[in-house]
Amino acid sequence: MYDLSSVLETEAVSEVRPGTSILIAGPAMTGKESLAMEILAEGSRNGDGALVVSTGDSAENIVEDYRDRVAGVNNLQLGVVDCRAEGSGGGLADGDTPPGLYVHKVSSPGDLTGIGIGITKCLEALHGAGAEEGRMALISLSTMLTYTNRETVFKFCHVLSSRLDAAGYIGVFTIDSGAHDDQTLQVIKQAFDGLIEVRDGDAGREARVMGLTDGPTDWSEL
Amino acid sequence: MTDSAAPVVLIVEDEPDVAETYNLWLAEDYQVRIAGDGDEGLDKLDAEVDVVLLDRMMPGLSGDEVLERIRERELGCRVAMVTAVEPDFDILEMGFDAYLSKPIRSEELIETVEKLLERSTYDRLLQKYYALVEKQATLETAKSGAELAESNEYAQLQNRIADLQDELSQTMGGVEDDADFITAIQQIGGSEDT
């Protein structure tokens, strides 16, 4: 079981079953990405593997931020699939990385096969390094939706969730709820076991969890 | 006699004895078509074909060229490449779904064909699942919670969706291995070229 309750203070996430995929949805600038990264970082502090699939940030930036986030952790096992359309060029290249770091570059957020191969290679490397448990973050589905369409993204999420389930990993996927119509959001939600909604409340950032326990949790401060 | 609903396997193989051997192993459960070279293979290929066993080394069109044309025609068939040696390339990045190294044993051949058919089943189920999820989302965005709770149509839809989820999780062991994962994604589309 994965315990996310130190990141998100609710019982609903204190025992998350391996193989669970969770959608993190909220308007722009509400800390979805940082929540996803913190869920991964908490795992790294416990020796879990971490895998980031990024459509916006470069592998170099992700690695740097992540190292800061988990400062002091020994034997960090981090995989990054960098699928920005800008392409590679400089920095961390495939295969030329320090121990414990696995980077795979893909030419576009719409190249799902490439992303799938990147994820497969990173999972293989993480498993090879002994990370039997691990957490994956995909940031963000909104970008993938602009490169493809919701049918493709829905199916991709379903297949990827199944793969994570087989690996015993958990996954968190972010989506900007303000960037898509209701139909799209409803369809994408169905590909996941649970949903974390975030918003800017009166008292600051708030989150609630749905789908992992019987009813939705109350909004609580993040 | 194989019944006409049985899956169709196309064997593209330039050695008649080898093709006939495969035919013997498969004919009981599948409708088999045999082609002696790449051109004939492409002639005998249509939407009914489920699995192609494609010899890589043939006079005339090579297996790779045939594969390329098959993909261009966007038929839903699965392709197992038959090679003389273990391929040294990354199978995940090639456009075929499986490979077999000669000499092939009967169990190996049958297992591969079954696996490829299961992947096709998975794609069909996923397509059906997606269509139902779209319907469900349409109802959810158009109706209030109270209306949904009273809707028979909605309840039935939810049941069918749950059934399909179960079926999907039992097909291919729920996308257990890497090759299943990659081919399932390839089938979704969203490759760079499309």
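Lettering follows sequence order; numbering is per chain, from 1. All values below come from the heavy atoms of this structure, side chains included, with hydrogens, waters and symmetry mates left out.
- With rounding to the nearest 0.5 Å, the separation of CD in A:Gln190 from CD1 in B:Ile161 is 5.0 Å.
- The number of heavy atoms from other shown groups lying within 6.0 Å of CD (B:Glu68) does not exceed 12.
- No more than 12 heavy atoms of other residues, nucleotides or ligands lie within 6.0 Å of CZ in B:Arg69, so this atom counts as exposed by the packing criterion.
- Note on A:Arg163 versus B:Asp180: no salt bridge recorded, every NZ/NE/NH1/NH2 to OD/OE distance being 4.0 Å or above.
- At a cut-off of 3.5 Å, with distance as the only test, a side-chain donor of A:Lys155 or B:Gln127 sits close to an acceptor on the other residue.
- Ranked by heavy-atom pairs shorter than 4.5 Å toward chain B, the options A:Met144, A:Lys189, A:Gln183 are led by A:Gln183.
- By the neighbour-count criterion of 12 heavy atoms within 6.0 Å, atom CD of B:Glu153 is sparsely surrounded, having that number or fewer from other residues, nucleotides or ligands.
- B:Glu118 CD: more than 12 foreign heavy atoms inside a 6.0 Å radius.
- Within the 4.5 angstrom heavy-atom criterion, only side-chain atoms of B:Gln165, from C-beta onward, approach chain A.
- Taking each heavy atom of B:Tyr122 and A:Ser162 in turn, the nearest pair found is OH-OG, 4.0 Å.
- The OG1 atom of A:Thr113 sits 7.0 Å away from atom CD1 of B:Ile182, with the distance rounded to the nearest 0.5 Å.
- Residue B:Ile185 is tested with A:Ile115, A:Leu112, A:Ile117 for a side chain to side chain contact (heavy atoms under 4.5 Å, CB included); the sole match is A:Leu112.
- Between B:Leu168 and A:His158 there is a side-chain heavy-atom pair separated by less than 4.5 Å.
- Atom OH of B:Tyr130 and atom OG1 of A:Thr152 lie 8.0 Å apart (nearest 0.5 Å).
- To the nearest 0.5 angstrom, B:Glu134 atom CD is 4.0 Å from A:Arg150 atom CZ.
- In B:Lys128, the NZ atom is not crowded: 12 or fewer heavy atoms of neighbouring residues, nucleotides or ligands sit closer than 6.0 Å.
- With a 4.5 Å cut-off on side-chain heavy atoms, B:Asp178 and A:Glu124 count as touching.
- A distance of 10.5 Å separates CD in A:Gln186 from CG in B:Leu139, rounded to the nearest 0.5 Å.
- Annotation for B:Arg160: atom CZ does not count as buried by contact number, only 12 or fewer foreign heavy atoms lying within 6.0 Å.
- Of the atoms belonging to A:Phe156, heavy atoms from both backbone and side chain fall under 4.5 Å from chain B.
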